[in-house]
Every structure is written in C-alpha cells, then in structure tokens.
Amino acid sequence: MNSSKHTELANHAWSVADLLRGDYKQSDYGKVILPFTVLRRLECVLEPTREKVAETAAQYKEQEDLDPDYWLRKASGLSFYNKSNLTLKKIAGDPKSAAKNLQKYVGAFSDNAREVLDKYEFAQQIKRLDDADLLYQVIGRFTDLDLHPEVVPNHNMGYIFEELIRRFAEQSNETAGEHFTPREVIKLMVNLLIAPDGDALTVPGVVRTVMDPACGTGGMLSAAEEYIREFNKDAWVEVYGQELNPESWAICRSDLMIKGQDPEHIAFGNSFSDPAHRRERFDYLLANPPFGVEWKKVKDEVEYEHKHMGEAGRFAAGLPRINDGSLLFLQHMISMMKPVDVKGGGGSRIAIVFNGSPLFTGAAGSGESEIRRWILENDWLEAIVALPDQLFYNTGISTYFWILTNRKSPDHRGKVVLLDARDQFQKMRKSLGDKRKELGKQHIADVTRLYAEAIQAAADPDHELHAKVKVFDNEAFGYQRITVERPLKLRFEVTEETLTALAAAKPVHKLAEAEAFLAAVRTLLGSSWPTKFEALVALKGAVVDAGLLWPTGAPFAKALRDAIGVRDPEGEVQKVKGEPELDTELRDYENVPLGEDVEDYLKREVHPHAPDAWIDHTKTKIGYEIPVTRHFYAYEPPRPLTVIDAELKALEAEIQALLGEVTE
C-alpha cells in the first residue's frame with residue numbers, strides 16, 4: 001500500500017469530524033474516531049471466521065461450567081474473538097436500537113479486545129453520541145471504511161492509526177511525537193540495532209525477543225519484527241512493550257492481537273513506578289522516550305529504588321535532574337539486558353533516541369555524569385549517531401541514536417563510534433508539524449553501510465566518508481574535575497568604605513563603647529599597611545591612646561580583618577594555623593582529560609598565570625561527557641570584508657532604487 005492510500009483511508013475516518021462538529025469540541029474528535037477505527041479494524045479481521053465463532057459460542061452457551069475461551073480463540077484463528085452475530089452495518093440499520101446493540105456488540109468481544117476499547121472510555125462516547133442523535137450516523141460512516149487485511153496489511157494499519165493520532169494531537173495542542181516516531185527514523189534505528197546480528201538471525205528456528213518500554217502505538221516493535229523476518233521468514237519474534245498513554249496502548253495492543261502475537265505482552269502503566277516484564281530479559285530493546293519530560297510524579301518510587309535497592313535495582317548508577325527522565329529510561333532498559341554467558345553467547349542490543357541533553361548535561365559527580373560513567377566504564381556504549389534536525393513531528397531540535405550492547409564485537413571493545421549523519425536527509429514537500437526533513441531510502445542505506453564499516457572508515461583517510469566517523473577509546477570521554485585554589489592576599493587600610501564595613505560588623509556592635517572605638521579608628525583615616533601585624537599595631541595604639549581597652553576574642557579579630565583587609569594580588573598571604581588561607585573568590589575549576597597527570601596540567605596551564613595556585617585533591621571528581629558536535633566541528637573562515645562590503649553596497653543601491661519608485 002502506498003502512502004496516498006493510507007492517507008485516503010485516514011481521511012475517510014477523520015471525515016466523521018464533520019458529523020461531530022458542534023456537539024464535540026475539536027480536541028475531543030479523536031475520542032470518537034480512534035476507538036471506532038480500532039473497532040472497525042477488529043471487525044474486518046474477524047469477518048472470515050465470524051460465523052464459525054458464533055456457532056462455537058452457541059454450542060457452549062448452555063454449558064455454564066465450561067469456559068469456551070480456548071475453543072473460541074481456536075475458531076477465530078486469532079488471540080481474540082467476538083461471539084455476536086451483530087456487525088456495525090446491522091447496528092447502523094436500526095437507529096433506534098443503535099446504542100443498545102453497539103453495547104451488546106462490544107460486550108461480546110473477548111476480554112483482551114474489550115479491555116482495549118475500555119481504555120478509550122468507549123461506553124461514555126456511545127452514550128454521548130446517542131444523546132446527540134449522532135450514533136447511527138457515525139457507525140454508518142465507519143461501515144464504509146474498508147480495513148480488511150487484504151486491503152490494509154498489518155504493517156500499513158500502523159500508518160493509518162498514527163496519522164489519526166497526529167491529527168488528534170494537533171487538535172488537542174498535544175505533542176504528537178509523544179505517541180509515535182516517523183517510520184523512516186524507526187527503519188534506520190532498527191537497521192543499526194539488528195543488522196550486526198544478520199548471520200545469527202538466519203539460523204533455522206531462531207527466536208528473538210524485542211522490548212520497547214515507551215512503545216506508543218507499537219511502530220518500533222512492528223518494524224523490528226519485520227526486519228528480523230526479512231532475514232528469516234521462519235524466525236519467531238516475540239514483542240513486548242509498555243505504554244502510559246491509554247489510546248496509544250490500546251492501538252498497540254489491538255495491533256498485536258491482529259498479528260497473532262500475545263496482547264498480554266503490551267502492558268499499560270508507567271515504566272518507572274510500575275515496570276512490566278521486569279523479570280524478563282530481551283535480545284533487543286529500543287525506545288523513543290519523550291524528550292525532556294520531568295519525572296516528578298514518580299519521584300518517591302524512583303528515589304526509593306535508587307537509595308535502598310542498590311545494584312539490585314535499576315537506578316543505582318545515579319538519578320538525572322527532575323525535569324528530564326531520559327536517562328532513567330536507558331537505565332531501565334539496561335536492567336533488562338540478557339547476560340553474556342561464558343561462551344560469549346547471550347547478551348542484548350539497545351537503541352534509544354535522545355536529544356542532546358543526555359550527552360553532556362550535568363557536571364562531574366552529577367547524576368547524569370555518573371550514569372554516563374557507569375555506561376562507559378562497563379563498555380556498553382557502542383555508538384552515538386547524530387541525526388538531522390527537524391526529523392520529528394513535535395520538535396525541530398537535533399537528535400541522536402545511542403546504540404548500546406553488552407556483547408561488543410572484538411574490534412569495538414573499549415571503543416565508541418561517533419557517526420555524523422546530520423546531512424543525510426531530503427526536504428519534505430509538505431511539512432508535518434515541526435517535521436520538515438525525512439530520511440530517504442538511500443540515506444538509510446548509506447548510514448547503515450557506514451555504521452557497519454565505521455571502524456575501517458575511521459582508520460582509512462581515503463575512505464569516502466572518513467570525515468563522518470570518529471572512533472574513541474571509552475576513557476576519552478572522561479575527565480578529572482579539579483578544584484584550583486589560590487591564597488587570600490590582603491593589604492590593610494582605613495577608608496570610609498572599610499570604616500562602614502567595620503561599623504556594620506556584629507562583634508563591633510556588641511562593644512560597650514562601640515562609638516568611641518570607631519572614633520578612635522577614624523583618627524587613622526587614609527592610613528594603609530602592607531601586613532596585618534603592622535595594621536594591628538597602629539590600630540591598637542590609636543584605641544589605647546583614646547583611653548579604651550583593645551577588644552579580644554576570635555570573632556572580633558576576624559571581623560576586624562575582614563573589614564579593613566582589601567584584596568590585593570601583591571598583598572600579604574593570610575594564614576590559618578600556618579597554612580595559606582583560601583580565597584574562595586579566586587577558586588576555579590578545570591577539566592583535565594582522564595589519565596593525564598593533574599599536577600603536570602597545573603604547571604603547564606595554570607602556573608604561568610597564577611604561580612601560587614594549587615590543587616585541592618580532596619575535591620577532585622571524575623566526570624564523563626560525550627561532546628559529539630564538538631568532535632565534528634569544522635571551522636569555516638568568515639567571508640572577506642571586501643565581499644561583504646560589496647553586498648552591502650548592492651543592497652543600498654537596491655533600496656535607493658525602490659525608494660525612488662515610491663516617490664515618483
């Protein structure tokens with residue numbers, strides 16, 4: 001089926017909006033159109049065995065002690081069924097009984113299919129449509145929608161669902177990208193995830209499991225299944241997923257039912273607080289989690305697991321900031337990787353879509369940095385692929401594939417591939433939301449080929465795409481965050497400014513003769529001393545000459561020093577217990593590549609500018625970041641000034657000519 005055909009069918013379904021206008025808000029159209037589309041698809045799929053299922057149901061009707069579920073499934077040839085003789089066409093033909101018959105029809109579905117429709121709160125929509133005298137008209141519109149499998153194959157049905165969801169999201173001012181991922185992006189992602197296992201997938205009777213913890217409508221799961229079957233049509237693929245959005249979950253679950261997969265494998269709920277399939281381990285895991293979505297709602301559950309479950313939990317490595325849960329998804333997926341056995345078998349591969357934030361957000365010691373450190377030190381990160389911007393429906397920002405595995409090939413071990421695919425796109429004839437670019441078949445093929453040849457391309461300067469690939473050791477992304485300290489240097493003086501600071505100090509306020517004390521110090525206005533000792537001698541002399549006792553106590557001494565001391569690069573180094581006192585205002589931080597001697601770095605980079613600086617080694621932290629764009633940055637010199645000047649003069653002349661036309 002070509003794209004125009006599934007767009008035509010989506011338009012047919014969406015045309016129901018014409019009937020709903022006035023009785024429904026635009027943002028509520030999808031609450032009717034989506035479940036009716038699912039219902040019509042289920043009906044079309046069940047049509048060949050409808051009579052056989054009805055006959056089987058009639059045979060078991062009077063035998064209440066028997067559960068006919070198994071035999072009804074067998075009769076339908078699928079994992080779901082409908083026991084009723086009703087159809088949407090029959091229901092539409094009796095307008096007065098439409099609501100009653102539709103409820104009866106829905107109630108005759110097997111539990112797993114009825115649960116899908118329940119997620120749409122379908123019963124409420126039936127009542128609302130009936131009250132508005134619209135129900136039989138809506139049903140009639142859907143009886144003309146041909147969604148039989150021979151007309152709309154299973155994999156194309158996903159396109160129709162996703163087109164409807166995109167329109168629903170636009171009407172509701174929601175982000176369509178939270179529900180699905182462009183199919184060509186999924187294709188490339190699945191290529192990079194599964195292609196390295198091509199030989200293993202051709203083994204007769206091979207079984208593979210695929211998991212998506214943010215599965216949406218199931219597009220990635222479907223693409224992964226199709227890809228594996230391209231290698232081996234007899235391969236057995238089991239797909240699993242979890243989804244928080246009820247409409248998307250319902251579509252994904254119905255899609256699996258139609259394909260003969262186990263719909264119980266698609267769980268409803270939050271992958272962080274209520275993880276499904278937690279005890280399972282999978283061959284492939286892939287996801288496109290929402291970008292920059294906060295995890296405040298599940299904060300208690302996530303933090304409890306982090307603090308109390310340790311390595312037995314999913315989040316022992318660290319927690320990202322509350323406003324972006326992307327790296328939580330990745331940790332969740334890593335926890336479901338298959339272990340590698342002693343013979344090198346087993347293991348898993350992971351692909352996930354991120355924006356730029358997880359690459360570098362968070363300084364050394366932060367949750368994000370610790371998660372990156374954990375991944376790299378375990379040698380799980382295989383590659384980062386930089387994608388073009390404007391690929392997704394709800395955002396125009398740049399995105400990246402992260403590819404991870406715990407069974408790297410020998411030539412990848414200890415290394416990370418960075419691949420620049422930002423120029424692999426074609427402009428769309430018509431934009432869809434923020435999506436203005438797409439990956440063509442040739443782009444997907446080229447990036448897939450380059451990924452397979454990445455190690456060789458990076459090592460061969462003559463390779464046509466050598467500049468698009470870089471390979472680094474894992475440690476190259478690590479750094480030491482050192483704290484550079486410098487001593488506090490002061491000169492001492494009595495000025496109007498220092499007198500004001502002294503008068504404001506609490507220990508001075510508490511003096512019995514505070515005003516007299518300040519008056520005595522004022523007699524030294526304009527005086528300056530290079531050392532604290534000389535300043536104290538002069539100040540004590542002035543106070544004693546005024547007939548006052550010199551105040552004692554550490555608080556007073558510190559307040560006096562802080563008030564009359566003025567920072568001066570040539571001043572006296574202040575000491576505490578014989579050691580230089582730190583000047584917190586001069587404290588600095590430096591990132592030193594992992595493996596480099598920090599003292600050598602200090603001598604080379606810092607001492608030429610600050611010879612008295614030193615490193616506080618107790619504060620050194622290890623951090624990791626992956627600055628992809630920095631590694632592919634190519635300097636482009638600015639245009640010559642003569643060229644720019646000529647362009648400006650040409651523009652001035654053009655403006656003058658236009659002004660001349662206006663004034664004539």
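For residues 516-539, the pairs satisfying salt bridge (Lys or Arg N to Asp or Glu O under 4.0 Å) are E496-R522, with sequence neighbours left out. Each salt bridge (Lys or Arg N to Asp or Glu O under 4.0 Å) pair with one or both residues in residues 390-408, not counting sequence neighbours, appears once here: D197-R407, D379-K408.
Here the CD1 atom belonging to I564 is positioned 10.0 Å from the OG1 atom belonging to T495, to the nearest 0.5 angstrom. How far CG of L286 is from CE of M211: 10.0 Å, rounded to the nearest 0.5 Å. Atom CG of L582 and atom CD of E585 lie 13.0 Å apart (nearest 0.5 Å). Distance check, rounded to the nearest 0.5 Å: CD of E485 to OG1 of T483 gives 6.5 Å.
Among R486, Q574, R567, the single residue meeting the side-chain hydrogen bond (donor to acceptor under 3.5 Å, both in side chains) criterion with D583 is R567.
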### ring pair (Phe, Tyr, Trp, His ring centres under 6.0 Å) assessment of W402 paired with F354
CA-CA 7 Å; W402 288 43; F354 281 152; 5.3 Å; yes
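Between the R281 side chain and the G347 main chain, no donor and acceptor come within less than 3.5 Å of each other.
Between F556 and W550, the distance separating the two ring centers is shorter than 6.0 angstrom.
The shortest side-chain heavy-atom distance between I350 and T405 does not fall under the 4.5 Å cut-off. Side-chain contact between L244 and F272: absent, with no pair of heavy atoms (C-beta onward) separated by less than 4.5 Å.
In this pair, F472 and H631 present their aromatic rings tilted. The plane angle is within the 30 to 60° band. By the 30° and 60° cut-offs, the orientation of the rings of F392 relative to F291 is perpendicular.
A donor-acceptor contact under 3.5 angstrom links the side chains of T618 and D616, judged on distance only. The closest side-chain donor-acceptor pair between Y479 and E590, if any, does not fall under 3.5 angstrom. For the residue pair H617 and E599, a side-chain donor N or O sits within less than 3.5 Å of a side-chain acceptor on the partner.
Comment: K296 does not engage E303 in a salt bridge, judged by the lack of any side-chain N to carboxylate O separation of less than 4.0 angstrom.
Residue K619 places its NZ atom among more than 12 non-hydrogen atoms of other residues, nucleotides or ligands, all under 6.0 Å distant.
Partners of K577 under the side-chain hydrogen bond (donor to acceptor under 3.5 Å, both in side chains) rule, at least two apart in sequence or in another chain, do not exist in this structure.
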